[in-house]
Amino acid sequence: MRIGVLSYQGDVSEHMDMISSMGHEPVPVKTGRALSSVYGLILPGGESTCQGKLLKRFGLDEPIRERIRLGMPVFGTCTGAILLARTITGSDQPRLGTMDIEISRNAFGAQVDSFETELAIRGITDNARYGLGDFKALFIRAPLITSAGPSVDVMAAYAGRIVLARQRNMLACSFHPEMGEDDRIHKYFADMVEEYSNIAREVDA
Ligand code: GLN
């Protein structure tokens with residue numbers, strides 16, 4: 001299955017490696033042409049003002065919104081979650097804005113305040129399909145989802161705050177699941193992509 005990774009900036013290669021190691025085909029996405037060839041898209045961690053500006057400059061923001069609207073699964077990690085958020089606290093920086101969440105950037109402080117913790121994730125760490133047991137999550141200048149609309153499903157929280165959530169075909173997390181060995185969240189996302197690609201192929205047929 002072809003899964004895209006938005007490739008302007010950030011930890012692109014870590015996501016690409018994880019997609020390949022699961023037996024799928026990673027596709028770097030910088031253009032509309034590459035976008036139209038994938039069944040799912042990962043928005044990697046990095047720097048959200050930079051990535052948001054590039055999305056706009058290369059005219060990829062509207063095509064991505066349209067694909068999301070039509071059902072393509074998207075997975076925003078850290079910066080990617082910021083780009084998905086409808087509201088970014090105190091900022092009008094460019095974004096996709098498709099997900100009904102409010103997010104606060106750098107909510108845990110500076111780079112030195114980065115940390116690792118064990119998380120229970122509803123639907124993943126309690127699901128034998130993916131393997132039971134907590135997920136080691138790495139937070140690097142991480143954002144926090146400070147509020148979520150009624151159709152958003154909260155999947156994980158840290159210190160009472162939302163760090164992983166899903167709304168329909170959109171998945172957003174504030175940490176970095178592409179770093180380390182544990183690929184369970186990527187597997188969960190690949191399942192979303194698989195389900196969508198089956199429907200999309202049927203419609204195309
Ligand atoms: N603080 C970064 C931002 O606002 C996100 C950090 C990350 O992706 N690790 O974009």
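We count ligands from 1, going down the list as the structure has it; atoms in each ligand are counted the same way.
Remark: D61 does not engage K56 in a salt bridge, criterion side-chain N to carboxylate O under 4.0 Å.
Between M192 and L171, the shortest heavy-atom distance links the atoms SD-CD2, 4.2 Å. Between V38 and I3 the shortest heavy-atom distance is CG1-C, 4.2 Å. Nearest approach of C78 to P143, heavy atoms of both residues: SG-CD, 3.6 Å.
Checked against a 6.0 Å centroid threshold, the rings of Y158 and F175 do not count as neighbours.
Using bins of under 30°, 30° to 60° and over 60° for the plane-to-plane angle, the ring pair F75/H15 lands in the perpendicular bin.
Residues lining ligand 1 at a heavy-atom distance below 4.0 Å are given as G45, G46, E47, S48, C78, T79, I82, R105, N106, I140, R141, H176, ordered by chain and residue number.
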